[in-house]
Structure formats: C-alpha cells, structure tokens
**Q** 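Below is one structure. I have some questions about it.
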Protein chains: 2
Amino acid sequence: MNVVNESPRRKELTRLAAQLFVQEGFDRTTVRMLAQEMGIKSGSLFHHFRDKQEILAAVIEEGTQNALTLARHALEQCGGSAEDRLHAMARAHLETLLTDRNAHVVALYEWRRLDSEARAHLSHLRDAYEALWEAVIDEALDDGLIRGDRFLVSRFVMGALNWTVRWYDPEGPRKPEDLAHELIAMIAPSTQAAQAVSTKV
Amino acid sequence: MNVVNESPRRKELTRLAAQLFVQEGFDRTTVRMLAQEMGIKSGSLFHHFRDKQEILAAVIEEGTQNALTLARHALEQCGGSAEDRLHAMARAHLETLLTDRNAHVVALYEWRRLDSEARAHLSHLRDAYEALWEAVIDEALDDGLIRGDRFLVSRFVMGALNWTVRWYDPEGPRKPEDLAHELIAMIAPSTQAAQAVSTKV
DNA sequence: GTCTATAAACGGATAGAC
DNA sequence: GTCTATCCGTTTATAGAC
C-alpha cells in the first residue's frame, strides 16, 4: 500500500515533514506548520495523507528504508575485513543520521509515537536493518576485533552512535567518517585506527 | 525559589509527574492525567505549580540533583584507581537511570522542552554533573585505561549509557552494575574486567 | 490538488466557593 | 488544599466549492 502510493509530490511532502519532526518533535509539530512549510493550507494536507499518524509512518518508512539501502551499499563496496565492514556500517549509519539529518533521526527518536498498526507494518524493515548490524558485530566478535557480550556490545555501539544526534555540530570540523573511525578506535584498540589515535596523544 | 518551595506534598507530586513523563513523554502528558495520577482534580494542580512548564522544571531539577548527589557519593566511596572511579561513575549513572527510572530519564530526554528561563536556571546543575564525568574520563585517559579524543570519548560513553533507557529490561537478568562492568570491559580491554569477559567467550 | 469554512474535541489555565 | 465550573485558544480532521 505504501509502496504504491508514492507520488513524487507525496515524497517531497514527506521530506519536509521529516525536517519539521526533527526540529520540533512529532507532538509539537501541528498540521498547520506542516502545511505552511509545504506551501499549502492545512486542509489540503489530508488529500495526501489520511491523518497525521500516516505522515509519521511515511517519514519513518522512508528513513529506515534509506538507512538500510545505504548500509547494504556500503557493505558491498568496502573491503572484506571485519574492521572494514564495521567501519563501513558505522559510517553509513552516521551519514544517514547526521548529513541527511532527517528521516532516519525521526525513525529512531519518534518510533514510540507510532500507533500499533504502523508499528506492526514497519517493524520488519527495522528488524532487517538491525539484523545487518548484528551480523557485522558478530563478524567483529568472531574476528577478535572487539570483545564482550553480543547483545550488550551491539546496543552500546548503537547507543553511542544514535546519541550523536544530540551533540553533533554539522558546521564543526568532524565528519561522520571521523566519528566512525574514532568510535572503532575506542572499542577495538588493536587496530590501525587505535594506533593512530594513541600516537596522536 | 525552587529550594524554598519544597513542601513534601510538592515533592510527592513531582515524583508522580516524573513517572508519567517517562511513560508518555512530556507533550503527551496532560494536566488532567497528572491530576488523576495524583488523586486530585486538574484545577488543584495549579495550587502547587504555576504552570505545566514548572512541573517539568521541578522534575528535571530533582533528577539532575539526584544524579549529582549519587555520583558524588559513589566517587567518595570507591577505590582510587581510574578504573574504579570510572566504574563507580557509570554504575551510579545507570542506577539513577534504570532503577529509580524516572526523574533522571526526564532530565535527559525532555531537556529540550524546557523554556529558556528554566534552562538558564538549571544549566549550572547540569554542567556540574557533566564536569564530574569529564573529570573521571580525564583520569582514565591520563591513566592509559582508555584512549582517544577527550570530547568524543566522553560523548560516546554517555551515549552508550543514556541509550540503555530504550532497551533495558528491569525484569531481566542484568543489573545496572553489570552493564557498567561490560561497558568498561568494551572500551578498556587491558583491565581485569576485560580479561574476565574475553575468557568467558 | 487546493481552497475556505467549520465541526468537534481537547488543551492549559483561572475564579471563586468550601 | 481541593473542588466545581468554565473560559478560550488550539488541534485534528471533514465537507464541499473551485
């Protein structure tokens, strides 16, 4: 249903909605604000979306799908070592979060605001993305690159990455790639990455 | 003003408000919901708080003050090594976040919803707590326990810890102390903690 | 596909009695 | 310190014209 209903107009509106949801939060974003940002009146919005919930669902679907596609692409492009793959995954994650800076952020931070139907419909997408992460973490564990409990390590890593949204300054000197590099240096000290960091100090 | 205005009644109401704010989020929590939880009518609420904003400010002040007090206490009690201190700090942080599970969570996740006056009034408290963290991270860096950029390491660590709120199951087998232990094992592999983890695998 | 107009419900907050 | 009653702005969503 959502795949069929993808007019270019609707896609553009979804993109604008994502921006507002990040800035204000879903609850504080009114349909009037959305409409104004889109250059139409609030009544017209409901020609494109059944209700406000459906806008949120569209944004989150877009954000997760996008993250999934970019992550898969990054994993195909990168080298075959566990470190390469972990780095590629972290970098892709941060780029969708900090550069694109919209739909993926909403997917992470406003998931709770989805009603149960939308959650059921989108959870498979979310699971697919998390499965990709789990696989990369597993490889890094098997390789001895990092150590610890599978469950906890993946959640700590995701937490460190997801929290960047709160403090990252896009105008600052650090790029998403730098952050990915530094995170891996922090948790996998026997890598080239870590050597570079430790000699720098 | 806030220190003076601390009737036991108001403190109890603040505690209940924190619980609802965690469950529903600040924006979705109505004054009617708050009143019902407190066993009074919505009009009576405004005898204790000037407006809804002041309730949020009270919760966040309580949560941050509490985290600060417990962290200071933990640092006084623990051993003097950098690892001991980092562990004590992480453990205290997680306990206020996951066991108490209320006001500190609100302080972290609803800070953005404070108006500018409240933010100005509370930022010194927040800064004091973050300064405690920075000091402990600095000690760990100086000691060689962990490596990397001061700014990034502290934010990655805080992110990993703060994100636990999203997935931690209080009914599960892991205690906050276990999480603190595993996080340090992950980022400081030359410790006893890490040895235990790696031999377990 | 967008507009105007408006319904219907809900939100925070106040006044004054007890 | 709490209650009842209520004001009034805001919100989501709909109806029907263009």
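Residue numbering restarts at 1 for every chain, and letters A, B, ... go by the order of the sequence lines.
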**Q** Would you call B:K175 and B:E95 a salt bridge, using N to O less than 4.0 angstrom?
**A**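 Salt bridge: no.
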**Q** B:Q53 CD to C:dG11 P: how many Å, rounded?
**A**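 Spelled out: CD on B:Q53 to P on C:dG11 is 17 Å.
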**Q** Does a side-chain N or O from B:R50 land closer than 4.0 Å to OP1 or OP2 of C:dT14, or not?
**A**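 Answer is no, no contact under 4.0 Å.
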**Q** Rounding to a whole Å, what distance do you find between A:K52:NZ and C:dA9:P?
**A**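 Result: 19 Å.
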**Q** Between atom CG in A:D51 and atom P in C:dA8, what is the gap in whole Å?
**A**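 After rounding, the gap between these two atoms is 19 Å.
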**Q** Verify the contact: side-chain N or O of A:S44 to OP1 or OP2 of C:dG1, cut-off strictly under 4.0 Å; return yes or no.
**A**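 False: A:S44 side-chain N/O out of range (4.0 Å or more) of C:dG1 OP1/OP2.
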**Q** Using atom NE2 of B:H48 as one end and atom P of D:dG1 as the other, report the distance to the nearest whole Å.
**A**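 Result: 6 Å.
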**Q** What is the distance, rounded to the nearest whole Å, between atom CD of A:E54 and atom P of D:dA13?
**A**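 Answer to the nearest Å: 11 Å.
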**Q** What residues in residues 16-41 of chain B put a non-hydrogen atom under 4.0 Å from any atom of DNA chain D?
**A**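 Residues of residues 16-41 of chain B that come under 4.0 Å of DNA chain D are, in numerical order, B:I40, B:K41.
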**Q** Check the distance between C:dG11's C1' and B:L45's CG and give it to me in whole angstrom.
**A**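 Computing the B:L45:CG to C:dG11:C1' distance gives 14 Å.
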**Q** I need the full list of ring-ring contact (aromatic ring centres under 6.0 Å, His included) pairs touching residues 6-27 of chain B, with sequence neighbours left out, sorted by first then second residue.
**A**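 Applying ring-ring contact (aromatic ring centres under 6.0 Å, His included) to every pair that reaches into residues 6-27 of chain B, excluding sequence neighbours, yields B:F21-B:F26.
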**Q** Can you tell me how the ring of A:F156 sits relative to the ring of B:W167, calling it parallel under 30°, perpendicular over 60° and tilted otherwise?
**A**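 Rings of A:F156 and B:W167: perpendicular, as their planes differ by over 60°.
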**Q** Charged N to carboxylate O below 4.0 Å: is that the case for A:R10 and A:E62?
**A**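 Here A:R10 does not pair with A:E62 in a salt bridge, since their nearest N and O are not under 4.0 Å apart.
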**Q** Taking the basic N atoms (NZ, or NE/NH1/NH2) and the acidic carboxylate oxygens, is any pair closer than 4.0 Å for B:R9 and B:E12?
**A**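 No salt bridge links B:R9 with B:E12.
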**Q** What is the distance from CZ of B:R10 to P of D:dT2, rounded to the nearest Å?
**A**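 Roughly 14 Å, once rounded to whole Å.
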**Q** Please tell me if the side chains of B:R155 and A:W163 come closer than 4.5 Å, counting only heavy atoms from C-beta onward.
**A**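 Sidechains of A:W163 and B:R155: no contact.
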**Q** Whether B:H47 contacts D:dG1 is assessed here as follows: a side-chain N or O lying under 4.0 Å from the phosphate OP1 or OP2. Is that the case?
**A**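 Indeed, a polar side-chain atom of B:H47 lies that close.
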**Q** What is the distance, rounded to the nearest whole Å, between atom CZ of A:F49 and atom P of C:dG1?
**A**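 Rounding to the nearest Å, CZ of A:F49 and P of C:dG1 are 12 Å apart.
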**Q** One thing to verify: whether B:R174 and A:D149 come together as a salt bridge, which I'm taking to mean a side-chain N less than 4.0 angstrom from a carboxylate O.
**A**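 Yes, this pair counts.
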